[in-house]
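What follows is a set of notes on a single structure, which appears directly below.
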Amino acid sequence: MKNQWYKDAVIYQIYPRSFKDSNGDGIGDIPGIISKIDYIASLGVDAVWFSPMYPTPNCDFGYDISDYTNINPEFGTMADFEQLVEQLHVKGIKVLMDLVINHTSDQHKWFLESRKSKDNPYRDYYYWADGKGKNGKKPPNNWTSFFLGSAWQYDEQSGQYYLHLFDKNQPDLNYFNPKVIEEIKNVVRFWLEKGVDGFRCDVITLLSKTPGLPNGKPSIALQGSEHYIDGPRMEELLGELQTVLREYDAFTVGESVFIDVPKALRYTTEGNEYLTTVFAFDHISADNFFGVKQLVRKFSLRRLKKCIETWQHGLYGKSWNTLFWENHDQARIVGRYCDDGQFRVEGAKMMGTILMTLCGTPFVYQGQEFGTTSPRMTNLEDYQDVETHRSFATLKKVFGAKNAIKKMAYCSRDNARVPMQWDATQNAGFSTGKPWLKVNPNHTEINVANAEADGNSVLHYYRKLIALRKSDKAFVYGTYQDLLPNSKNVWAYMRNSQFGTLVVVANFSTKTTKFTLPKHVQGDFQLVTSNYADTPQNLQNMALRPHECAVYKLM
Ligand code: TEU
Ligand code: CA
């Protein structure tokens with residue numbers, strides 16, 4: 001029987017480059033993380049997902065791997081990593097690594113060999129093709145990259161193009177070659193033998209391409225994606241990985257771009273899992289068009305509620321949801337779905353309350369637990385993220401420089417990657433050297449030290465929410481029913497299970513907003529927690545103050 005520890009768990013994501021620098025080079029590292037293990041444990045989390053810590057040329061800061069079975073020397077040594085795993089395990093905290101196997105770095109030895117010549121034994125580890133057009137100088141097909149532009153790069157050395165769905169420094173691995181999955185199974189086993197408890201699987205649903213890599217239908221973005229998202233060989237390839245994963249009962253969460261409930265069930269139906277769970281993204285697109293973060297639009301609570309309801313109902317009893325607002329690819333949720341100004345604290349607590357009272361496993365991204373906001377830098381040269389730079393060039397063409405800067409500042413992934421704000425000292429206590437990415441100026445006010453000293457802080461509230469979720473399974477299991485689906489400002493829902501009945505109410509407006517619950521919500525509901533000191537003890541039709549939220553339990 002699979003150990004379903006993850007269902008009662010709360011998982012914390014660390015982006016090592018920005019968490020804590022121990023040696024003053026301005027780059028976060030493993031000894032830095034180890035120095036903060038007591039802080040991590042104080043949150044009450046059960047596992048940590050580390051963004052990639054393997055050797056990398058940092059074109060995509062670790063999502064371009066040049067050696068799958070080693071540790072990035074910027075972060076430390078293998079011995080440091082083994083110490084980190086041991087110390088987290090001593091605290092009862094599991095370790096999840098980031099498995100990036102759709103592509104490698106172009107500095108990986110497989111690619112360095114592959115590009116040497118057309119008959120190199122590693123040639124077919126990647127997708128190579130002749131160019132089209134009279135002098136062969138046009139890409140082999142019309143696919144475009146997640147980072148915009150053609151998904152093909154011409155290689156002078158061997159006179160052909162190679163495929164890269166992301167940056168040109170991230171060539172796609174060719175899973176038509178059976179040697180590739182065998183290599184990856186060895187990588188998976190290597191880390192599981194080190195005591196790793198599972199993996200977050202980067203863009204895992206892109207592995208299966210259409211044979212022959214045919215042209216895609218015309219599209220403004222991701223042209224050709226019908227030929228590589230959720231392809232026909234996904235079960236076969238994931239099934240191969242499972243032959244190793246299931247030996248260790250390893251947890252997996254598959255990052256699944258543009259996935260929907262039926263496809264999620266294809267991979268995660270309990271009893272027939274190819275992945276334990278998946279990350280979907282439509283709930284984190286309630287402030288953009290078509291799930292394209294750069295196409296910014298006004299946040300809609302109704303759009304968000306519809307997404308969450310689809311997934312809460314869609315997986316219920318068949319699989320298990322993941323729940324997140326933030327990660328290293330997303331701007332901070334405070335400032336997107338709630339106010340980051342006057343009502344920042346109430347808003348951050350409200351988002352945390354929703355996260356901890358839905359059915360699924362909550363993931364908390366470093367800094368979210370104390371209400372970190374996006375710096376929204378306005379100088380292009382302050383950004384380090386390849387996606388930001390690639391998209392800015394296109395945004396500028398379409399919207400002009402001024403609007404492009406605004407959109408980029410709102411959605412850039414670097415909003416989540418600036419150094420963790422530990423205290424009000426220089427560099428936010430992250431490093432004694434010049435940080436690799438500028439620190440958010442508001443670290444003088446928003447930081448862990450201030451939050452620890454403030455009994456009303458977001459940090460203490462997150463700890464309380466996590467402890468409540470641990471002590472009362474009514475927070476975790478059971479049905480979800482939206483009580484006011486048409487309300488554009490109030491989110492009210494009921495959770496029902498053998499552990500009890502909860503009603504959660506939240507005001508997404510920064511104005512006081514009245515609500516009337518449907519007649520069927522009857523009984524003595526007592527306050528369990530809220531983000532205002534004087535929220536009524538009994539659930540009733542009331543006027544919720546700006547970002548006021550509350551959890552009530554039926555007595
Ligand atoms: O992200 C995949 C991905 O689709 C996101 O980058 C997406 O383009 C956007 O940023 C989310 O709205 C994964 C990793 O999380 C990301 O950091 C890597 O850049 C990417 O894969 C390539 O490995
Ligand atoms: Ca360092």
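Whatever order the structure lists them in is the order used to number ligands and atoms, beginning at 1. Positions are given from 1 along the sequence. Since we're looking at a predicted model, the values are computed, not measured. Atoms considered below: every heavy atom in the structure, side chains included; atoms not considered: hydrogens, waters and symmetry mates.
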**Asked** Passes ring-ring contact (aromatic ring centres under 6.0 Å, His included), Phe279 versus Phe363? Steps please.
**Response** CA-CA 10 Å; Phe279 282 138; Phe363 284 71; 4.8 Å; yes

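- Every atom of ligand 1 is numbered from 1 in the order shown, and the set under 4.0 Å from a heavy atom of His328 is 14 (C), 15 (O), 16 (C), 17 (O).
- Under the 4.0 Å criterion applied to side-chain N and carboxylate O atoms, Arg303 and Asp282 are not assigned as salt-bridge partners.
- Ring geometry, Phe81 versus Trp191: the interplanar angle exceeds 60°, so the pair is classed perpendicular (tilted spans 30 to 60°).
- Interface of Gln330 with ligand 1, defined as ligand atoms under 4.0 Å from a residue heavy atom, comprises 11 (C), 12 (O).
- Using a 4.0 Å cut-off between heavy atoms, Gln294 makes no contact with ligand 1 at all.
- Around the Ca ion (ligand 2), the protein atoms of type N, O or S found under 3.0 Å away are Asp21 OD1, Asn23 OD1, Asp25 OD1, Ile27 O, Asp29 OD2, listed by chain and number.
- A ring-centre distance under 6.0 Å is not found for His103 and Tyr63.
- Ligand 1 places these atoms under 4.0 Å from at least one heavy atom of Lys293: 9 (C), 10 (O), 11 (C), 12 (O).
- Ring geometry, Trp143 versus Tyr228: the interplanar angle falls from 30° to 60°, so the pair is classed tilted.
- Atom 20 (C) of ligand 1 has Phe166 CE2, 3.8 Å as its closest protein atom, hydrogens excluded (heavy atom only).
- The Glu387 neighbourhood of ligand 1 comprises atoms 6 (O), 7 (C), 8 (O), 9 (C), 10 (O), with distances under 4.0 Å to a heavy atom of that residue.
- Judged purely by distance below 3.5 Å, without hydrogens or angles, the side chains of Asn379 and Glu381 never pair a donor atom with an acceptor atom.
- In terms of protein heavy-atom proximity, atom 1 (O) of ligand 1 is nearest to Glu255 OE2, 3.1 Å.
- Between Tyr365 and Trp325, the ring center distance fails the sub-6.0 Å criterion.
- For atom 6 (O) of ligand 1, the nearest non-hydrogen atom of the protein is Arg413 NH1, 3.1 Å.
- Applying the ring pair (Phe, Tyr, Trp, His ring centres under 6.0 Å) test to every pair with at least one member in residues 18-41, sequence neighbours left out, gives these pairs: Phe19-Trp422, Tyr39-Trp422.
- The six-membered or imidazole ring of Phe61 lies near that of Trp436, with a centre-to-centre distance under 6.0 Å.
- For Lys185 and Glu182, the salt-bridge test passes: some basic side-chain N is under 4.0 Å from an acidic carboxylate O.
- At a heavy-atom cutoff of 4.0 Å, ligand 1 is contacted by the side chain of Arg200 but not by its backbone.
- Taking the ring centroids of Tyr162 and Tyr126, they lie at or beyond the 6.0 Å cut-off.
- Here the protein heavy atom with the shortest distance to atom 18 (C) of ligand 1 is Asp60 OD2, 3.3 Å.
- For Phe324 and His283, the distance between ring centers is under 6.0 angstrom.
- Scanning Leu206, Asp329, Leu165 for the heavy atom closest to atom 5 (C) of ligand 1 points to Asp329.
- Residues Phe147 and Phe166 bring their aromatic ring centres within 6.0 Å.
- Proximity of the aromatic rings of Tyr122 and Phe111 is defined here by a centroid distance below 6.0 angstrom, and this criterion is not met.
- Within the listing of ligand 1, atoms 4 (O) sit less than 4.0 angstrom from a heavy atom of Val257.
- Atoms of ligand 1 lying under 4.0 Å from at least one heavy atom of Arg417, given by number and element, are 17 (O).
- Of all atoms in ligand 1, listed by their number and element, those nearer than 4.0 Å to a heavy atom of Phe147 are 19 (O).
- At the shortest separation from atom 13 (C) of ligand 1 among protein heavy atoms lies Asp202 OD1, 2.9 Å.
- Atoms of ligand 1 found under 4.0 Å from any heavy atom of His103 (numbered from 1 in listed order, with element): 22 (C), 23 (O).
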